[in-house]
Amino acid sequence: MRLVFIGPPGAGKGTQAERIIKRYALAHLSTGDMLRAARDAKTPIGVEADKYMSTGQLVPDSVVIGVIADRLAQPDCKGGYLLDGFPRTIAQAEALDKMLAEKTTPLDVVVELRVPDEELFKRLAGRGRADDTEDAIKQRLIGYSNQTKPLLDYYGKQSLLKTVDGLGTIDDIFARVTTILDTYK
Ligand code: AMP
């Protein structure tokens with residue numbers, strides 16, 4: 001199964017992603033994790049990415065697309081994967097479609113985890129990560145609305161989009177997700 005998992009920061013995407021990859025034996029491709037690892041290792045890409053990450057802005061498309069293209073070429077992706085935090089812009093989604101069309105391995109499904117903004121702000125402010133200052137949180141929520149929400153329409157038009165209510169317990173949400181994903185196994 002090739003799956004894109006979309007949701008605003010603070011929606012609980014990471015927690016659900018961990019469970020999903022175990023249940024369906026998927027590779028977990030989180031661009032946030034990859035960029036944080038690159039930043040911590042002080043690679044050229046990491047140093048460049050940190051300029052944006054520290055202020056809650058999106059890293060330029062060309063940088064992220066390069067990172068994901070390398071990752072998709074690795075052998076563990078052959079058994080299916082979950083894309084977590086990528087694509088985040090229409091340009092990234094188009095680049096992904098192109099890469100996958102070349103390999104004749106199109107996406108199977110796009111899952112959106114939907115959570116209202118007030119709830120997101122509450123959750124993010126309580127998380128205490130280094131890039132979770134109030135301004136950076138606001139910036140990330142605005143970025144999600146402006147740059148990532150258009151993807152819902154993009155994937156809706158391809159009939160790939162499934163929306164899941166992201167309110168409730170971790171188990172409730174996971175049950176909603178698996179009800180959908182079990183049909184793609
Ligand atoms: P995340 O852990 O997915 O919230 O990502 C943390 C930060 O990494 C984001 O706030 C962005 O600065 C950057 N980032 C992660 N994925 C992407 C992406 N697909 N496009 C642009 N920037 C990204």
Side-chain angles (χ1 to χ4, degrees), residues 2-21 26-74 77 81-100 107 110-115 117 119-155 160-161 164 166 173:
R2 289 176 295 273
L3 153 71
V4 167
F5 199 25
I6 299 183
K13 218 163 21 90
T15 307
Q16 295 297 328
E18 289 303 331
R19 291 191 161 200
I20 295 167
I21 56 156
L26 305 173
H28 186 187
L29 276 49
S30 158
T31 42
D33 286 351
M34 292 176 211
L35 293 169
R36 277 186 289 276
R39 177 193 64 194
D40 295 348
K42 298 194 168 60
T43 67
I45 284 178
V47 171
E48 171 70 9
D50 187 43
K51 294 182 203 158
Y52 302 90
M53 294 167 77
S54 58
T55 54
Q57 293 178 77
L58 290 186
V59 173
D61 287 333
S62 57
V63 174
V64 188
I65 290 166
V67 166
I68 214 76
D70 289 349
R71 186 64 188 83
L72 282 171
Q74 289 174 23
C77 290
Y81 50 79
L82 178 153
L83 282 165
D84 173 3
F86 181 93
R88 266 200 176 62
T89 65
I90 294 285
Q92 291 178 17
E94 288 172 347
L96 177 65
D97 276 351
K98 198 158 162 257
M99 280 182 240
L100 298 184
L107 292 171
V110 175
V111 175
E112 176 207 1
L113 198 56
R114 191 173 286 182
V115 176
D117 272 356
E119 174 67 18
L120 293 173
F121 199 84
K122 243 193 296 175
R123 291 188 194 177
L124 288 167
R127 199 163 69 169
R129 216 168 65 181
D131 56 348
D132 282 344
T133 63
E134 200 172 307
D135 278 350
I137 292 171
K138 279 193 188 134
Q139 213 31 257
R140 289 213 302 279
L141 291 177
I142 293 168
Y144 183 77
S145 276
N146 293 342
Q147 290 165 286
T148 307
K149 271 191 184 164
L151 292 182
L152 303 177
D153 207 38
Y154 180 89
Y155 287 123
L160 289 173
L161 185 69
V164 172
I173 300 163

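In listed order, ligands and their atoms are each counted from 1. What you see is a predicted model, and the numbers here were worked out from it, not measured in a lab. Here, residue 1 is the first one in the sequence, and each next residue gets the next number. Just the heavy atoms: all of them, side chains too, but no hydrogens, waters or symmetry mates, feed the values below.
Taking any N or O of Val59, backbone or side chain, at least one lies under 3.5 Å from an N or O belonging to ligand 1. The shortest N or O to N or O distance between Gln57 and ligand 1 is below 3.5 Å. Polar contact check, Leu35 against ligand 1: no nitrogen or oxygen pair lies under 3.5 Å apart. Taking distance alone, with nitrogen or oxygen atoms compared against 3.5 Å, Lys13 stays at or beyond that limit from ligand 1.
Under 3.5 Å, the side chains of Gln74 and Arg71 contain a donor-acceptor pair of N or O atoms. Checked by atom type, the side-chain pair Asp97/Tyr154 shows a donor-acceptor distance below 3.5 Å.
Between Ser145 and Pro150, the closest heavy-atom pair is O-CD, 3.9 Å.
We find that Glu94 and Lys98 are not joined by a salt bridge, their nearest charged nitrogen and carboxylate oxygen being 4.0 Å or further apart.
Heavy-atom neighbours of Asp135 CG from other residues, nucleotides or ligands within 6.0 Å: at or below the threshold of 12.
Listed by number with element, the atoms of ligand 1 under 4.0 Å from a non-hydrogen atom of Gln92 are 18 (C), 19 (N), 20 (N), 21 (C). With ligand atoms numbered from 1 in the order given, ligand 1 contributes 15 (C), 16 (N), 17 (C), 19 (N) to contacts under 4.0 Å with heavy atoms of Thr31.
Scanning Met53, Arg140, Arg88, Gln139 for the heavy atom closest to atom 1 (P) of ligand 1 points to Arg88.
Note that the CD atom of Gln57 and the CZ atom of Arg140 stand 12.0 Å from one another [nearest 0.5 Å].
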